[in-house]
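One structure below.
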Amino acid sequence: MALLMAKRAAASSSSSAMKSVSAAAAIWMRSYAKVAVGTDIVSAAPNVSLQKARTWDEGVSSKFSTTPLNHIFKDKKVVIFGLPGAYTGVCSNKHVPGYKENIDKFKAKGIDSVICVAVNDPYTMNAWAEKLEANNAIEFYGDFDGSFHKSLDLVVDLSGALLGTRSQRWSAYVVDGKVKALNVEEAPSDVKVSGADTILGQI
């Protein structure tokens with residue numbers, strides 16, 4: 001009986017270990033974004049819309065309207081960058097300022113919109129944009145439930161920083177909905193490939 005119980009325990013331990021390995025492999029595979037150069041970003045995130053940054057009163061008066069991706073990207077040249085969250089350190093001190101400071105260079109290259117998106121509500125995004133004095137240069141959108149980033153496999157678990165599921169740090173150059181350039185950071189604390197200087201060189 002003791003031998004049988006030992007065998008069952010070993011089998012259970014082996015099964016648990018395999019499940020852990022499978023889970024780790026699944027996480028590793030998901031670390032690669034579904035979106036890639038050539039992807040139609042609207043088709044990749046069907047029935048998804050974003051929420052333009054606004055005050056609460058503006059949200060009420062608009063009946064909490066959202067903006068379909070087609071309205072954001074169709075017939076336009078867009079630079080979009082995603083980041084882990086409003087008011088966080090690197091996002092506030094480095095990522096957004098780089099785009100704000102280079103807005104004239106983007107316009108000179110024919111870019112219609114420079115967009116910042118994060119897994120936040122649009123009211124937080126609005127207050128943050130105003131604090132950074134960037135709302136006149138950059139369009140800010142919330143992805144309040146993360147559906148946009150989940151559709152593109154551009155999410156990361158930042159529970160260790162008490163943030164939960166958030167956007168990876170990334171940037172893309174999109175023409176009429178088609179991704180022409182895509183940059184995703186290896187770590188959300190980095191701004192090595194997703195900053196304004198990199199994407200400017202890819203347009």
- request: Using a 4.5 Å cut-off on heavy atoms from C-beta on, say whether the side chain of Lys150 contacts that of Asp143.
  value: no
message: Would you compute the distance between atom NZ of Lys105 and atom CD1 of Ile203 and round it to the nearest 0.5 angstrom?
response: 11.5 Å
task: Take atom CD of Gln202 as the centre, draw a 6.0 Å sphere, and report whether it contains more than 12 heavy atoms from other residues, nucleotides or ligands.
output: yes
- request: Taking all non-hydrogen atoms of both residues into account, name the closest pair between His95 and Arg169 and its distance.
  value: ND1-NH1, 3.0 Å
- prompt: In Å and rounded to the nearest 0.5 Å, what is the CG to NZ distance from Asp190 to Lys94?
  reply: 8.0 Å
- request: Locate the shortest heavy-atom distance separating Val119 from Ser167; write the atom from each residue and the value.
  value: CG2-N, 3.6 Å
- line: Looking only at heavy atoms, the pair that brings Asn120 and Gln51 closest together is O-OE1, 4.4 Å
Cluster link Ile111 to Ile103, ILVMFWY, side chain under 4.5 Å: yes
- prompt: Phe64 vs Trp56 aromatic rings, parallel, tilted or perpendicular, using cut-offs 30° and 60°?
  reply: tilted
- prompt: If you round to the nearest 0.5 Å, how far is OG1 of Thr198 from CZ of Phe81?
  reply: 13.0 Å
- prompt: Under 4.5 Å between any side-chain heavy atoms of Lys77 and Tyr173, yes or no?
  reply: yes
query: Would a 4.5 Å heavy-atom cut-off, applied to side chains only, mark Phe140 and Asn126 as touching?
result: no
Test item: Leu83 and Val96 side chains (from C-beta on) under 4.5 Å apart, heavy atoms: yes
query: Do Arg54 and Ser62 have side chains that get closer than 4.5 Å, going by heavy atoms?
result: yes
query: Between Pro122 and Lys52, which heavy-atom pair has the shortest distance, and what is it?
result: CB-O, 3.4 Å
message: Can you see whether Asn183 engages Ser171 through a side-chain donor-acceptor pair at a distance of less than 3.5 angstrom?
response: yes
statement: When every non-hydrogen atom of Phe144 is compared with those of Asp121, the smallest separation belongs to CB-CA, 4.1 Å
field: 4.5 Å side-chain heavy-atom contact, Glu139 and Val114
entry: no
- request: May I ask you to test the Leu69-Ile41 pair for a side-chain heavy-atom distance under 4.5 Å?
  value: no
ILVMFWY cluster, Val184 and Val79 together (side-chain gap under 4.5 Å): no
- prompt: Are Trp128 and Tyr123 close enough that their ring centers fall under 6.0 Å?
  reply: no
- line: dist Asp112:CG -> Asp75:CG (nearest 0.5 Å) comes out at 9.5 Å
statement: To the nearest 0.5 Å, atom OG1 of Thr39 lies from atom CG of Leu182 at 8.0 Å
query: For the residue pair Ser49 and Thr66, what are the closest heavy atoms and their distance?
result: OG-OG1, 3.0 Å
- request: Measure the shortest side-chain to side-chain distance between Cys116 and Met125 over non-hydrogen atoms and say whether it is less than 4.5 angstrom.
  value: yes
message: Nearest 0.5 angstrom please: Ile80 CD1 to Leu50 CG, how far?
response: 6.5 Å
- request: Examine distances only and state if a side-chain atom of Ser61 and a backbone atom of Glu58 form a donor-acceptor pair shorter than 3.5 Å.
  value: yes
Single-linkage hydrophobic cluster, 4.5 Å side-chain cutoff, Leu158 and Val90 together: no
query: Side chains of Ser147 and Asp145: donor-acceptor distance under 3.5 Å anywhere?
result: yes
